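Down below is the structure, laid out as structure tokens.
First the proteins, then the strands, lettered A, B, ... as listed; each starts at 1. As the structure is a computational prediction, the values presented were derived from the model and not from experiment.
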Amino acid sequence: MDKHYDHKSIEKKWQNVWEENKIFEVTEDESKPKYYTLCMFPYPSSQGLHVGHPESYTAVDIVARYMRLKGFNVLNPIGWDAFGLPAENYAIKQGVPPWETTQKSIDNFRRQIKSFGFSYDWSREVNTSDPSYYKWTQWMFLQMYKHGLAYRSKAKVNWCDSCQTVLANEQVVDGRCERCKNEVRQKDLEQWFFRVTKYAEELLQDLDKIDWPEPIKAAQRNWIGKSEGAELEFKVKDTDFSIKVFTTRPDTLYGATYMVLAPEHPLVEKLRFQIDNWGEVEKYREETQKKSELQRTDLNKEKTGVKLKGIKAINPATGKEIPVFIADYVLMSYGTGAIMAVPAHDERDFEFAQKFDLPVVAVIIPNEDQLAEFIKRKVIAEDSEKVKDSILKGEICYDGSGIMINSAEFDGLASEEAKWKITEKVGGQKKIQYRLRDWLISRQRFWGAPIPIVYCQHCVDDSKKIVEKDGKKYAVVPVPEKDLPVLLPRDVDFKPTGESPLVNSQEFHQVKCPRCGAEGEGVMREVDTMDTFVCSSWYFLRYTDPHNDQAPFAQDKVEYWLPVDLYIGGAEHAVLHLLYSRFFVKALRDMGYLKFDEPFLKLRNQGMILGEDGQKMSKSRGNVINPDEVVQEYGADTMRLYEMFMGPLEDAKPWSTTGIMGVRRFLEKIWLVVAEWLEKERPSDTSAELERLFHRTYKKVTEDIEAMKFNTAISAMMILVNQMAKEKKFRQDLLEKFLIVLSPFAPHLAEEVWHNLGNDNFIALVKWPEWDEELIRDEEIEIPVQVNGKVRAKIRVPAGTAENEVIKLALGADNVKKHITDKKIIKQIYIPGKIVNIVVGSE
RNA sequence: GCCGAAGUGGCGGAAUUGGUAGACGCGCUAGAUUCAGGAUCUAGUGGGCGCUAGCCCGUGGGAGUUCGAGUCUCCCCUUCGGCACCA
């Protein structure tokens, strides 16, 4: 064996051998336990792989290789999330169609990913932009449609002027487009939605069943936004109308001194002729319409609104007439689009009441503890009696719970208790409200899966689902499953115009109505494509049966492999892909296609790898590390090892070029130690100390892989190799077992050395080593001795020495004697094998 | 404002059923080797005082529980992430 570690020849060689021998290809095997490892499949961008990609892939690969060696039947697939805007925009810029640029990007990504030696089953590669895949994405849409989970509806939707398409709520961050950061406008459009809200409660509850990072679970809980309260009805005086409100504080009903409707509330229109100041009202509504969501929800903005003159509502508890306003701090999209305003106990209402000089009636007064907590929380300087007095007078707003006052028969009750009693009295309903909205899946863009729907004017009379387009009525006719896929046409100008580019395709519009057979005038296809998150919501199912052209997957295959046992990817998908996939699984389960509730049992996020300057890597900063260059210069094994050694998988951590050298040196050291070892006669013995270290390392690496603490596993191997380099004498069986535990981390080097030792099987397919607990135990242990909690000496004793003996030795240690002379020993503590502590007091 | 995560040497980070704080790696210092640079090897490396046995301080800050706290409890500060005029 050459003493020079030449990663280039070794890595290429084994990648080819593994591939030729198909050693990572798997089939369902009932005799073995299965394990499904998965990384979030990459979006093949024109920029090529980022160093963050191999971080999660390496972590997944280590676990996949480990589980395989442990005797599991491991499914470890890879594919391409290939539809979507970046590819389309890039294609437009280059003047080349997206199917060509995407293919190029995929080829480049595949080459790069293969250079790392991941143990993927490449025969299962999927590509979401391939008709053999999106045929089944369309099939998924049809099932959703059939089961009432896909529907078309006119709604206020998020529109991005720069991307020229609508966006899902999940793709709007702080009022801006998640992708291009452009401010999002609200537009009234008729669009396709998936009914995610049907699963709101289950999506929330089942978070308790899965092993996911707490921040992701918290983000999903926030996103679903459950709140419990009551729905109450207020009559509008002298009309047949009433105003429904949702409130979490029905206990404050007696303090509701006015009401507010969202400016776009439909009731405003209906009351038009009773409203005395219609002109003013209309003006305010128009102004609101013009505002963006961002402007409207600006918390620092002063409250505005207009009173509906001539309109009075009746507080159902007090029977009193109260005024009604419209104001843009009430949103049509949450609850009922109307609120009862309780200025004494709600900050927003209080602020509004101050401005419009409305009465503030306190109906809840805090007890002493609640008052103290309130003063602390709000950092009020006044003394508590004064604060209480101010609350009573309605001079300040108290938003906590307390004792009921000014509330007729409920006076004296705890407010928590009064909530439901008051609700009951006025005939209200307990109600649970979610913040989650349905998923808008239509996109006015080209590079996506066409929505398999045809609109037909001729079928209008006997169809229940009717839509209007340009003043004409059309029946909604789903494309029959046998006619899938609806192919993405190629005769298009794919530049975005605000309308789907598919509108202009001749080939796309040559369609017969699947229902009545009519064609030509009055029959047209849906021209929007689906959000790419639809494609990625079920790809983990397709991996189990990627070439099936009769179904998206065979049920027995999905039943064998699913759910995914370990899933690793970025945290940016907290409420996007990860929520949508959970919805898909639940929906498909209810349709009878799946028998499990959650797609991903265990999820881990990889932290971001930052540039050497500690900043996010970006071209403009010039701190981008190119994975190709790293693999070239240091090798795939070094890169894999380094990314795992940098720190905990989930932490953000900066790249370090000198840091990677340290890991490279470690691999060179292994190489050199073995090469020198091979030159001599193979030793038949090992020092007891070194043998113990070998076994300890097997154990430590095993436990650390199980806990996904790869950085400490590597550090344990470094300690062993340092000792091996020192002693140079060790038995072959110990060395071989070390190579096996190293192999998930540095598979090429391990495989090469394994063969150099004379083995002709694959180290990737052998058996994971056991360790000997007896051997691991120390014969002699070092015990620190503390005096009053400070370490003063260390003693060495044989393992298992009796307590009195240990204490005797401890008291006899020189430096201990110094600290206990002339002192009274109060207590002697011995934690077996750990520590001695002598507690002394002055005479 | 609500929810969540995290604060440890010059740097990345180890160590939590409470038990030697700083493993491993980087960097740095000194020495060896070398024409030189790089690479490699050996020793040292939390701060301070003696600089040799030893002592004091030290895990964001402050209290507390304990023989003993990075780890547990309470309060506060900072950073990052999610939600947010959500009724």
Side-chain angles (χ1 to χ4, degrees), chain A residues 173-174 213-227 229 245-249 252 260 262 296-301 303 327-331 333-342 345-349 351-352 376-378 399 433-435 571-572 574-575 605 610 612 614 641-642 645-648 650-663 665-666 668-669 672 709 711-719 721-722 725 782-794 814-815 818-819 826-840:
Chain A
V173 178
D174 296 329
E214 198 49 44
I216 301 286
K217 287 192 184 186
Q220 292 211 353
R221 286 192 194 102
N222 284 340
W223 189 256
I224 295 167
K226 180 181 182 175
S227 51
V245 300
F246 171 76
T247 176
T248 54
R249 297 294 302 273
T252 63
V260 186
R296 209 177 140 171
T297 56
D298 180 5
L299 282 144
N300 300 319
K301 188 190 71 165
K303 296 264 177 301
D328 64 2
Y329 81 94
V330 173
L331 307 173
S333 51
Y334 185 79
T336 61
I339 60 157
M340 65 177 210
V342 186
H345 304 293
D346 182 284
E347 303 245 21
R348 297 154 299 181
D349 298 344
E351 196 191 318
F352 190 84
K376 201 184 138 203
R377 177 159 56 94
K378 298 282 173 192
D399 57 5
Q433 188 69 44
Y434 299 93
R435 207 195 67 93
E572 67 275 14
V575 293
N605 298 122
L610 307 167
E612 296 219 56
L641 215 56
Y642 175 60
F645 186 62
M646 290 171 85
E650 317 216 353
D651 290 6
K653 39 213 174 257
W655 185 267
S656 159
T657 301
T658 49
I660 197 169
M661 272 310 300
V663 170
R665 276 198 280 267
F666 165 61
E668 283 171 357
K669 192 180 272 182
L672 189 69
K709 289 159 69 174
N711 52 336
T712 49
I714 293 165
S715 125
M717 291 190 280
M718 286 173 166
I719 292 169
V721 172
N722 286 342
E782 192 185 61
I783 295 179
V785 182
Q786 299 181 328
V787 177
N788 284 352
K790 283 190 171 148
V791 179
R792 296 302 180 187
K794 286 163 190 176
D814 283 348
N815 200 39
K818 228 168 81 185
H819 284 89
I826 298 169
K827 216 173 180 180
Q828 296 165 345
I829 295 150
Y830 176 52
I831 308 296
K834 294 262 169 137
I835 204 162
V836 172
N837 192 7
I838 312 216
V839 186
V840 295

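Atom-to-atom, CD of A:Gln828 to P of B:C67 comes out at 15 Å; the value is rounded to the nearest Å. The CG atom of A:Asn605 sits 12 Å away from the C1' atom of B:A5 (whole-angstrom rounding). The distance between atom CZ of A:Arg792 and atom P of B:G68, rounded to the nearest whole Å, is 14 Å. Rounded to an integer number of Å, the gap from A:Ile826 CD1 to B:U66 P is 14 Å. Per the geometry, NZ belonging to A:Lys378 stands 7 Å off C1' belonging to B:G1, to the nearest Å. A:Met646 has its CE atom 8 Å from the P atom of B:G13, to the nearest Å.
Expressed to the nearest 0.5 Å, how far CZ of A:Arg348 lies from CD1 of A:Ile339 amounts to 7.0 Å. Here the straight-line distance linking atom CZ of A:Arg249 with atom OG1 of A:Thr247 works out to 8.0 Å at 0.5 Å rounding. Of the inter-residue distances, the one linking A:Asp346 atom CG with A:Met340 atom CE reads 9.5 Å to the nearest 0.5 angstrom. Taking CD1 of A:Ile783 as the start and NZ of A:Lys834 as the end, the distance is 11.0 Å to the nearest 0.5 Å. Taking CD of A:Glu347 as the reference point, atom CG of A:Asp399 lies at 5.0 Å (rounded to 0.5 Å).
B:U8 sits 14 Å from B:G47 when the C1' atoms are compared, rounded to a whole Å. Nucleotides B:A84 and B:U17 have their P atoms positioned 38 Å apart, rounded to a whole Å. B:U65 and B:C74: their P atoms are spaced 15 Å apart (whole Å). To the nearest whole angstrom, the two P atoms, one in B:U40 and one in B:C55, are 39 Å apart. Comparing the C1' positions of B:G7 and B:A14 gives a spacing of 16 Å, expressed to the nearest Å. Across B:U78 and B:G27, the matching P atoms stand 36 Å from one another, rounded to whole Å. Here the separation of B:G12 from B:A23, taken at their C1' atoms, is 13 Å to the nearest Å. Taking the C1' atoms as reference points, B:A53 lies 37 Å from B:C72, given to the whole Å.
Taking a cutoff of 4.0 Å between a charged side-chain nitrogen and a carboxylate oxygen, A:Asp651 and A:Lys653 do not qualify as a salt bridge.
In this structure, A:Asn722 places its CG atom where more than 12 heavy-atom neighbours from other residues, nucleotides or ligands lie under 6.0 Å away.
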- Hey, mind stepping through A:Asn837 and A:Lys827 against side-chain hydrogen bond (donor to acceptor under 3.5 Å, both in side chains) and telling me if it holds? CA-CA 8 Å; A:Asn837 192 7; A:Lys827 216 173 180 180; over 6 Å; no

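Counting non-hydrogen atoms under 4.0 angstrom, A:Ala652 reaches the backbone sugars and phosphates but no base. Counting any heavy atom pair closer than 4.0 Å across all strands shown, A:Pro213 reaches no nucleic acid atom. Residue-level contact check: A:His345 touches neither bases nor backbone, having no heavy atom under 4.0 Å from any strand.
Every side chain to side chain contact (heavy atoms under 4.5 Å, CB included) that A:Lys226 has, sequence neighbours left out, goes to A:Glu201, A:Leu204, A:Gln205, A:Glu228, A:Ile432, A:Tyr434. Partners of A:Phe352 according to the ring pair (Phe, Tyr, Trp, His ring centres under 6.0 Å) rule, which considers only residues two or more places apart in sequence or in another chain, are A:Tyr258, A:Phe325, A:Tyr329, A:Phe356. Applying the ring pair (Phe, Tyr, Trp, His ring centres under 6.0 Å) rule to A:Trp223 yields no partners; only residues at least two apart in sequence or on another chain are considered.
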- Query: Reading RNA chain B 5' to 3', how would its secondary structure be written in dot-bracket notation, given Watson-Crick and G-U pairs with both distances under 3.5 Å, brackets [ ] for crossing pairs and | for partners on other strands?
  - Reply: (((((((..(((......[....)))((((((.......))))))((((....))))..(((((..]....))))))))))))....

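For the pair A:Thr658/A:Ile660, no side-chain contact is recorded, criterion being any heavy-atom separation below 4.5 Å from C-beta on.
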- Could you run through nucleotides 78-87 of chain B and give me one letter per nucleotide, 5' to 3': B if any protein heavy atom sits under 4.0 Å from the base, S if only the sugar-phosphate is that close, - if neither? ----BSBBBB

- Query: What string of B, S and - do you get for nucleotides 15-29 of chain B, 5' to 3', when a contact is any protein heavy atom under 4.0 Å?
  - Reply: S---BB--BBSSS--

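Taking side-chain N and O atoms only, A:His819 has a distance below 4.0 Å to OP1 or OP2 of B:C55.
B:G10 adopts an anti glycosidic conformation, its chi angle falling more than 90° from 0.
Of all nucleotides listed (B:G12, B:G4, B:G54), B:G54 comes nearest to the side chain of A:Asn815.
Across all non-hydrogen atoms, the minimal contact from A:Val840 to A:Ile826 is C-CD1, 3.9 Å.
The 5' end of RNA chain B is approached more closely, in terms of each residue's nearest nucleotide, by A:Lys653 than by the other of A:Asn788 and A:Lys653.
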